[in-house]
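Treat the numbers as computed from the prediction; the structure is a model and nothing was measured. In what follows, chains carry the letters A, B, and so on, assigned in the order in which the sequence lines appear, proteins first and then strands, with residues in each chain numbered from 1.
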Amino acid sequence: MRILVAQVTRMGDMLQTTPMIRALKHENPDATITVLVRDMGRIIAQRNSDIDDVIVYNEDDMYQHLHSKDSDRLLQAYGLAEQFIETLKAGQFDIAYNCTHSLTSTMLLKLAGIPNVVGAQLNPYHQYVIEGNGPACFFASVLNRELSELNLCDIFRYFAPESDAQRELVFEVSDTDRAEANALLAEHGIGEDDLLVCMQLGASDLDKRWPAESFGRLAHMIREKHNAKIALLGVRSEAPLAEAFEEIAPGIAAHLFGKSSVPVLAAILERSGVLVSNDTGTMHVAAAVGCPVVLMSVGYVHFRETGPYAEGCVALERRREHLGGSDLMKSDPNARVGIEPEHAMCATNFVLAGCNTDTWHDVTNNTNFENIDAYQSSFGQDGCLTWHSLERRPYRRIDLVRQVYRLSWIEYLRGAADEKSDASFLNRASHGFDAIDPREHNTWISDLAAEFDALAQLADTGARKAQELAAGLGQQSSMKWAKERVTELMQIDEDIRVYGEVHEACRPLVILAKFERENLQGTNPRLLAIATQAIYDHLRQRAMLAAYKTHFTGKLLLEPAESTAQAPRHATA
Amino acid sequence: MMLNTLNEWTYARVAEFDPALCIVIAQAPVLPQFARRLRERGIVTAYWFVENWRRMPYWEAVAPEYDYFFHIQPDSLTEKLNAIGCSHHACVPTGCDPELHRPVTLDDADQAEFGCELGFAGAGYRNRNHLFAGLTDYDLKLWGVDWHSPELQRFVQGGNQRFDNGDLVRIAQGAQINVNLHASATHTGVDSEYDAVNPRVFEIAACGGFQLSDACRGLDRYFDPGSELPIYENLQELRKQIDHYLARPEERDAIATRARARALKDHTYDVRAQVMLDAIIGTFGSQITASGIRAERTVQDMRDRVRENPALSEYLEAIPGETPFTLEGLDAHIGRFGESWGEAEGIFAYLREMRSYSETLLASQES
């Protein structure tokens, strides 16, 4: 079998796809796996022995030609696209896993004539559809990060539904890389026996950067307590960030900006005690080579989804009403501040001491964590990465919603219930919260379940209307009759959209269905009606599952407290 | 009121076309803030002031507004432009259009209408009325408006009306000698300070006409006075040269041939455009190339170039030849989602989507 994995986003995303690729390799040991990546992801793919071949996708040249709006350059863009499609065709792929949801990726895969696609794709009628439970979850999650509890790696893994849990990222470091790393560190006075602490000051966006001055103060503390050597990592363009660092901590860190390739960076991290980092590709490299990470989750970062995929990492986050949104909905830039170097120092000490949860309060000593949340990563019984709060904090409604989505998506992705794992997750999570008020909690449970039930009802109405329309069109009903049914369906679309706006907890489900509906185009009305019915059916099933998991969560968390909710088992999944 | 309306209309058309560069020609119906608004859209602006700055002082308000300012007077304006803060400027004279300004064969009727010893086409400025009054003993024909001198009335053709380009090329061809005199409202003959070479110099040369011109400053940069364009300083010298060349038709033809060759080589509007683009790109090249330079061709233009690509060739054959070969032009011929696509059509659909997505993404990042 010839498999193509399309991951045309960033370097970090390519790393987060590696567990899925490993799962595919385990499932299909004789398969040839090719990845389609942007240039920045090439080196990640090349350091992964699960991958047999790499195709680099470079749309920059094509875009430059198109942007010029010049006839000759349009022809050149056409030539580049045609050539690229020929490259894909030559791969003779049997199946492609599309790890993005862009229309262009679906078009490329279609033009390449790949017969089976998992993920966003164009169906035989050139309609945009999202096939597969994993891709549906991925799409709904990335647009509603605040309600997502699953790491992208776990979502990607379920693109291949039969796959086993793969609890690690893949990046292979060679002895040559290690030798180069040692030589580079030696140049900066860092010996092989020294405790090395790395810091990543940069990030793709200012909002995602913990202040460099704070890194400087932290570096002072680490050096004083652990006699550690500090190395600042990053690309050459990030070097100016070190100026603010140097004002606070002059001369105590080795500046390695732009001095290492990605493999040498990986080798440096492999021998480091800890990486203190913003949300970056470096963080994923660290997770891949076993370097524990202290993640400064600031701005619109949502570490639950994009954090390091490894056990024994810590994420720090200022407690606030709303957590990271999508990249296009940036949050309050003030969210960069609030976490003090003392908090990061506690996390660093905790990680360097081996991440024993029982010792958290010993390392934090008298440090005030009143408005700061600290989470530790581990793999749950369900095989997915979880982040457990190290400090008890109030249980909020949004915590309930996230837990419900986690349980719902995992069952949806697996296609089967595993309530033991669900119970294990909820039990562990409950240790991170203050005592739950049963009365308030019961209200949340019944309200949230009612919201999902009402959404399921709306979807059911839509499914029945669409079915009616498809049947009528098959019987050559009048145009007037068909128009009336279409108008009714449009009204249901609008009702569902408004429902999602009003009931935030339902938004991930609504937005997925809305996206599928909006991209449903074509000229055959009967096929459109059938596709519409399927969309509504899926929405109903997902909403019913969420309602069930709401009752389940309420029951588990309040046991043996009185829970008035009786959990009706859904008939789906 | 009218200027405001025209200004808005012009701005709207330019914005719609969304060029990388907009060159405004003198007397275009736009207000000074026109350039500012274009600049806000990332459009590089230039102004070609094809006027005599001494007679038209509005250059002072216009020049600082534009990224590049071109004028036609090589020396006298440079310091003044620097003084008002116009940092990018250059002299680019007017020129000729070989498709419009070319030799024509006169039939008998034309010969009767345009044939003469001395011809002139232009407005009857004061100095021209005076000078041509001294040439009434020749077979003289004058075209254009504002010829008021009583002694010239019998020489004025076409009822003191404007003439068109068709007339100009026949005038240039019909006159054995085309007399050129740069305009002055204050002088009675040659204005020895004049330095704005007029378009007629280049146009008559391109038409293959023989001409004698007054000694406009800078003219010798464009034509060699000895072999391509004889010049005169005053009426007396002009008459002397007229007599000389009327008696020597071969010499006239040889000079006119050389002048035409020079005009077509160095003084076409293509050449002028190239000079302006070189200057602008030399300074604002990165800004312009960032937004791209366009060649607009039709589907018909492209068909021959894609013969060896069967899928693309077949696709283009099905589209009207006059359709612009751009994504916008092809848009109506590219299927939507839910419709079936041919191979080439699918690639264009992909390119359209890719451009649209990238532009949306870039816009969101910029905002």
Side-chain ion pair, [X] and [Y], N-O less than 4.0 Å:
X        : Y        : answer
B:Arg305 : A:Asp72  : yes
B:Glu8   : B:Arg37  : yes
B:Arg355 : B:Glu328 : yes

Considering only heavy atoms, which portion of B:Leu330 lies under 4.5 Å from any heavy atom of chain A: side chain, backbone, both, or neither?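 For B:Leu330, the side chain is the part near chain A, not the backbone.
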Region of B:Asn309 that comes under 4.5 Å of a non-hydrogen atom in chain A: side chain
Winner by heavy-atom pair count (cut-off under 4.5 Å) against chain B, out of A:Leu75, A:Leu74, A:Thr106, A:Asn123: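 Going by pairs under 4.5 Å, I would pick A:Leu74.
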Closest-packed option against chain B by number of heavy-atom pairs under 4.5 Å, given A:Glu59, A:Met107, A:Met62: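 The residue among A:Glu59, A:Met107, A:Met62 with the greatest pair count is A:Met107.
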In terms of heavy-atom proximity below 4.5 Å to chain B, should [X] be classed as side chain, backbone, both, or neither?
X        : answer
A:Leu66  : both
A:Ile85  : side chain
A:Leu527 : neither

Step-by-step side-chain contact (heavy atoms from CB on, under 4.5 Å) determination, B:Trp48 to B:Met276: CA-CA 9 Å; B:Trp48 195 12; B:Met276 282 193 263; 3.6 Å; yes
Aromatic plane relationship, A:Phe139 with A:His101 - under 30° parallel, 30 to 60° tilted, over 60° perpendicular: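 Correct class here is perpendicular.
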Got a donor-acceptor contact below 3.5 angstrom from the A:Thr306 side chain to the A:His302 backbone?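 Checked: pair present.
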